[in-house]
S.K.: 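Can you keep this structure in mind? I'll have questions shortly.
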Amino acid sequence: MLDRVRPVALLLGRIGIGAIFLVHGWQKFTTMGIGGTTALFESAGVPAAT
(Lines give C-alpha, C1' and ligand atoms only; values in the text may rest on other atoms or scores of the structure.)
Protein backbone atom coordinates (compact mmCIF):
# COMPACT_ATOMS: atom_id res chain seq x y z
CA MET A 1 0.00 0.00 0.00
CA LEU A 2 2.80 2.41 0.86
CA ASP A 3 4.39 1.85 -2.56
CA ARG A 4 1.20 3.12 -4.24
CA VAL A 5 0.71 6.16 -2.01
CA ARG A 6 4.29 7.44 -1.95
CA PRO A 7 4.49 8.68 -5.59
CA VAL A 8 1.20 10.54 -5.23
CA ALA A 9 2.29 12.14 -1.95
CA LEU A 10 5.60 13.21 -3.50
CA LEU A 11 3.82 14.67 -6.52
CA LEU A 12 1.42 16.67 -4.34
CA GLY A 13 4.31 17.91 -2.22
CA ARG A 14 6.28 19.00 -5.29
CA ILE A 15 3.26 20.78 -6.74
CA GLY A 16 2.68 22.57 -3.43
CA ILE A 17 6.29 23.69 -3.10
CA GLY A 18 6.32 24.78 -6.74
CA ALA A 19 3.22 26.89 -6.16
CA ILE A 20 4.85 28.56 -3.16
CA PHE A 21 7.97 29.41 -5.17
CA LEU A 22 5.84 30.71 -8.05
CA VAL A 23 3.75 33.00 -5.84
CA HIS A 24 6.74 34.45 -4.00
CA GLY A 25 8.67 34.97 -7.23
CA TRP A 26 5.67 36.65 -8.83
CA GLN A 27 5.38 38.99 -5.83
CA LYS A 28 9.02 40.00 -6.08
CA PHE A 29 8.79 40.94 -9.75
CA THR A 30 5.31 42.48 -9.95
CA THR A 31 4.55 44.04 -6.58
CA MET A 32 7.96 45.03 -5.26
CA GLY A 33 9.90 45.37 -8.50
CA ILE A 34 13.58 44.65 -8.92
CA GLY A 35 14.60 47.70 -6.88
CA GLY A 36 12.38 46.74 -3.97
CA THR A 37 13.59 43.16 -4.05
CA THR A 38 17.21 44.31 -4.08
CA ALA A 39 16.55 46.61 -1.11
CA LEU A 40 14.86 43.78 0.77
CA PHE A 41 17.81 41.46 0.19
CA GLU A 42 20.30 44.15 1.21
CA SER A 43 18.39 44.84 4.44
CA ALA A 44 18.38 41.12 5.18
CA GLY A 45 22.16 40.98 4.76
CA VAL A 46 22.21 38.85 1.61
CA PRO A 47 25.70 39.13 0.12
CA ALA A 48 25.97 40.54 -3.42
CA ALA A 49 22.32 41.59 -3.49
CA THR A 50 23.01 44.26 -6.07
Side-chain angles (χ1 to χ4, degrees):
M1 165 113 179
L2 186 60
D3 292 335
R4 292 177 56 183
V5 174
R6 184 176 181 184
V8 175
L10 289 173
L11 176 64
L12 291 175
R14 288 175 180 150
I15 290 172
I17 291 172
I20 290 169
F21 274 102
L22 181 70
V23 169
H24 283 278
W26 184 261
Q27 174 196 11
K28 284 179 180 60
F29 286 114
T30 60
T31 304
M32 297 169 51
I34 299 297
T37 303
T38 302
L40 174 70
F41 288 165
E42 285 178 343
S43 69
V46 174
T50 58

S.K.: Please report the shortest heavy-atom distance between Pro7 and Asp3, naming the atom on each side.
M.R.: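 So the minimum-distance heavy-atom pair works out to CD-O, 3.2 Å.
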S.K.: Rounded to the nearest 0.5 Å, how far does CE of Met32 lie from OG1 of Thr38?
M.R.: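 That separation rounds to 9.0 Å.
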S.K.: Looking at every heavy atom in both Lys28 and Thr37, which two are closest together, and how far apart are they?
M.R.: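 Taking Lys28 first and Thr37 second, the nearest heavy atoms are O-OG1, 3.0 Å.
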S.K.: Remaining members of Trp26's ILVMFWY cluster at a side-chain heavy-atom cut-off under 4.5 Å?
M.R.: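 Trp26 clusters with nothing; isolated.
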S.K.: So which residues get pulled into Ile34's cluster when ILVMFWY side chains under 4.5 Å apart are joined, directly or through others?
M.R.: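 Once heavy-atom contacts under 4.5 Å are chained together, Ile34 belongs with Phe29.
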S.K.: By the rule that ILVMFWY residues connect when side-chain heavy atoms come within less than 4.5 angstrom, directly or transitively, which residues belong alongside Leu12?
M.R.: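 Grouped by the 4.5 Å side-chain rule, Val8 form the rest of the cluster around Leu12.
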